[in-house]
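Inspection log for the structure reproduced underneath, given as structure tokens.
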Amino acid sequence: MADLYNHNSYVSPLSWRYGSGEMKEIFSEVHKRKLLRRVWIALAKAQEKAGVVTKEQVEELIAHKDDIDIDKATEIENVIHHDLMAEIKTYASQCPKAGGIIHLGATSMDALDNADAVRFIEALDFTLMRLDTLIDVLSEKAEAYKNVPTMAFTHIQPAEITTIGYRLSQTLQDLLDDREQLMFVKKNIRGKGMKGAVGTAASYKELLSDSNVSSIEMENMVMDELGIKAYDAATQIYSRKQDLRIIEALSSIACTLHKFSLDFRILQSPPIGEFSEPFGKMQVGSSAMPFKRNPINSEKIDSLSRIVENAYQSAWNNAASTVLERSLDDSANRRIFIPESFIALDEMLITEIKVVKGMSIHSTATERLMSSYGVFASTEKVLMELGKKGADRQKMHEVIREESLKAWVSVQEGKENPLKKALMENNEILSYLSKEEIEKALDASGYTGDAEERTLMVLERAKNRKNS
């Protein structure tokens, strides 16, 4: 079987190109089957307390909990066409004394849905670790550049002045919100519990009828052993709204990374040139154009984010279309979109951490932008000064607008911005302000409002996030 999965056959790029080994191990078949055995052992332990199985049988199950044999299970599945029963039969063949009590009273989803719940918590914990690393490195950049002025853009046109740190704090704030959502989802992960074929636990109640342990008590013992909570009510499966909440949380992080990466790509374009990705000494930017330094990491993040976003529709359909107590039309797609979403986001976070750590912020580009466009933003400050001196706001707005439009034409032609000189020589403005006052008002570098203070507010929240 192992020979089948190599580069002579289709292998998902998520299997070998993207994501970390740790995240892929969480969603590996070996780990899945070990988790299934954990569920069966937890069930057997609870049933031992009820006097249904023996201590010797439980010990045998524990002794073989890591003896995963996928080749044998696959051979069995090819005959019986039921993957879970194939794993049960494989496990049973290793446990001659306990084989007959594996999965006693259970239905397939008692094992699979509880194993999934444990695995989701593991994957969410790992995602949270990556997210915290990104928050930390982005916080360092925002702190370092919190008061460095730069041009802000609205409608992808130069607008007023912001700071580089304040721009970064927007993404940081979104990531902190994403983190809260991820924490909420993780905290509320629940397994199906041990409820049998349609969720009524009828099989367990019958099995335990002569014992002093109820089916609900047995379920509680199993879930305590697994370290997770159970839904109070379930059908044959736990509510697929849980999958929807998980994918929604992952998709929200992907959305934040997509926006930041798209903005980064724009800021790396030569006409702006303010940011640039780390670029290796031997890195090739283009097979045709040797001079190219493309933002390939940010482009990769934007590309992978669409995989996570598209998974939301499948999760929604699964939650909405599970007919009555169970239909199997969610099974195949869950095997694909849930691991793919976690692995794709893992790659996105790994890449974004690398980008933020190694990014260059070019002061010469910032100064060029400020020189070309900053004076336009400062006209608002001039208008405020005129207002304080008693000038007609509407009239002066029109004066400044006319001079600005003339200057804009010069800038578009590649000439030096003439606006400052024009305003300092405008007689209508000079009737209220001196040339010195106009020149001072047109200094764009200090026209950043409370951008620095607000950046510090976000940074404080990031610093205290683990205590909240």
Side-chain angles (χ1 to χ4, degrees), residues 19-20 22-23 26-27 113 116-139 142 167-191 227-231 238-263 301-302 304-320 334 337-353 356 454-455 457-468:
S20 65
E22 294 92 335
M23 183 62 83
I26 290 172
F27 287 98
D113 269 6
D116 270 348
V118 174
R119 181 155 62 168
F120 293 158
I121 291 173
E122 293 174 343
L124 289 167
D125 273 334
F126 197 77
T127 302
L128 183 63
M129 179 271 292
R130 290 262 193 246
L131 184 58
D132 276 330
T133 301
L134 178 57
I135 288 171
D136 287 339
V137 298
L138 192 59
S139 293
R167 175 177 279 150
L168 296 176
S169 75
Q170 312 297 318
T171 299
L172 184 59
Q173 179 173 252
D174 284 344
L175 290 174
L176 291 168
D177 289 344
D178 292 334
R179 185 183 189 276
E180 288 185 0
Q181 184 180 9
L182 197 71
M183 291 287 289
F184 175 84
V185 170
K186 186 176 85 74
K187 181 180 177 181
N188 289 281
I189 292 290
R190 286 167 284 178
I228 56 174
K229 297 177 181 178
Y231 277 95
Y238 67 61
S239 170
R240 291 304 184 237
K241 288 291 292 289
Q242 176 160 270
D243 294 351
L244 184 62
R245 287 191 294 272
I246 292 169
I247 297 301
E248 182 178 20
L250 302 185
S251 179
S252 184
I253 300 171
C255 177
T256 300
L257 299 184
H258 183 284
K259 174 178 165 39
F260 180 72
S261 297
L262 180 58
D263 287 350
I301 289 168
D302 284 347
L304 289 172
S305 70
R306 295 168 195 165
I307 293 175
V308 186
E309 188 275 329
N310 287 334
Y312 185 85
Q313 189 63 52
S314 293
W316 189 95
N317 281 323
N318 286 349
R334 289 179 78 249
F337 78 76
I338 294 177
E340 284 190 348
S341 295
F342 275 104
I343 296 168
L345 183 59
D346 190 47
E347 177 68 20
M348 291 168 65
L349 288 166
I350 291 169
T351 305
E352 199 70 272
I353 291 165
V356 174
R454 294 186 181 278
T455 301
M457 290 165 65
V458 177
L459 288 169
E460 185 68 16
R461 181 182 165 199
K463 180 181 177 181
N464 295 325
R465 67 188 182 275
K466 295 178 182 179
N467 299 324
S468 59

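Being a predicted model, the structure only gives us computed values, none of them experimental.
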Please enumerate all residues that pass ring-ring contact (aromatic ring centres under 6.0 Å, His included) together with F27, with sequence neighbours excluded.
F342

Are E352 and L349 side-chain neighbours, meaning at least one heavy-atom pair lies under 4.5 Å?
no

Closest non-hydrogen atom pair between I307 and A344, with its separation:
CG2-CB, 4.5 Å

Working to the nearest 0.5 angstrom, can you tell me the gap between R245 CZ and S239 OG?
6.5 Å

For residues 125-139, please give each side-chain donor-acceptor pair under 3.5 Å, one per line with the distance, not counting sequence neighbours.
residue : atom : partner : partner atom : Å
D125    : OD1  : K186    : NZ           : 3.2
T127    : OG1  : A123    : O            : 2.9
R130    : NE   : D346    : OD1          : 2.8
R130    : NH2  : S20     : OG           : 3.3
D132    : OD1  : R179    : NE           : 2.7
D132    : OD1  : R465    : NE           : 2.8
D132    : OD1  : R465    : NH2          : 3.4
D132    : OD2  : R179    : NH2          : 3.4
T133    : OG1  : M129    : O            : 3.1
D136    : OD1  : R465    : NH1          : 3.4
D136    : OD1  : R465    : NH2          : 2.9
S139    : OG   : I135    : O            : 2.7

When you measure from the side chain of Q242 to the backbone of R190, do you find a donor-acceptor pair of N or O atoms at a distance under 3.5 Å?
yes

Counting only heavy atoms not in R454, do more than 12 fall under 6.0 Å of its CZ?
no

With heavy-atom distances below 4.5 Å as the criterion, would you say the side chains of R119 and I189 are in contact?
no

Between K187 and F184, does the side-chain contact (heavy atoms from CB on, under 4.5 Å) criterion hold? Intermediate values first, please.
CA-CA 5 Å; K187 181 180 177 181; F184 175 84; 5.8 Å; no

Compare all side-chain heavy atoms of N318 with those of F337 and state whether any distance is below 4.5 angstrom.
yes

Let me confirm one number: the CG-OG distance from D174 to S252, rounded to the nearest 0.5 Å.
7.5 Å

Give, for atom CD1 of I247 and atom OG of S314, the distance between the pair rounded to the nearest 0.5 Å.
9.0 Å

Does some side-chain heavy atom of F120 sit less than 4.5 Å from a side-chain heavy atom of V185?
no

Smallest heavy-atom separation, M348 atom then I301 atom, equals CE-O, 3.7 Å

Heavy-atom side-chain proximity of Q181 to E248 below 4.5 angstrom:
yes

Closest contact, heavy atoms only, S261 versus D302
CB-OD1, 3.3 Å

Residues R334, D116; criterion salt bridge (Lys or Arg N to Asp or Glu O under 4.0 Å); working and verdict:
CA-CA 11 Å; R334 289 179 78 249; D116 270 348; 3.3 Å; yes

Min side-chain heavy-atom separation H258-R306 under 4.5 Å:
yes

For L182 against A249, the heavy-atom pair lying closest together:
CD1-CB, 4.0 Å

How long is the span from the CG atom in N310 to the OG atom in S305, to the nearest 0.5 Å?
9.0 Å

Mind checking whether F260 and L175 have side chains closer than 4.5 Å, heavy atoms only?
no

Nearest-0.5 Å distance, CD of residue E122 to CD1 of residue I26
5.5 Å

For side-chain contact (heavy atoms from CB on, under 4.5 Å), just list the numbers for L257 and L304, CA-CA rounded to whole Å, side-chain angles, deciding distance to a tenth of an Å, and then say yes or no.
CA-CA 10 Å; L257 299 184; L304 289 172; over 6 Å; no

Once rounded to the nearest 0.5 Å, what's the spacing between atom CG of L459 and atom CG of L172?
6.0 Å

Per side chain to side chain contact (heavy atoms under 4.5 Å, CB included), V308 is matched among I253, I343, L250 by L250

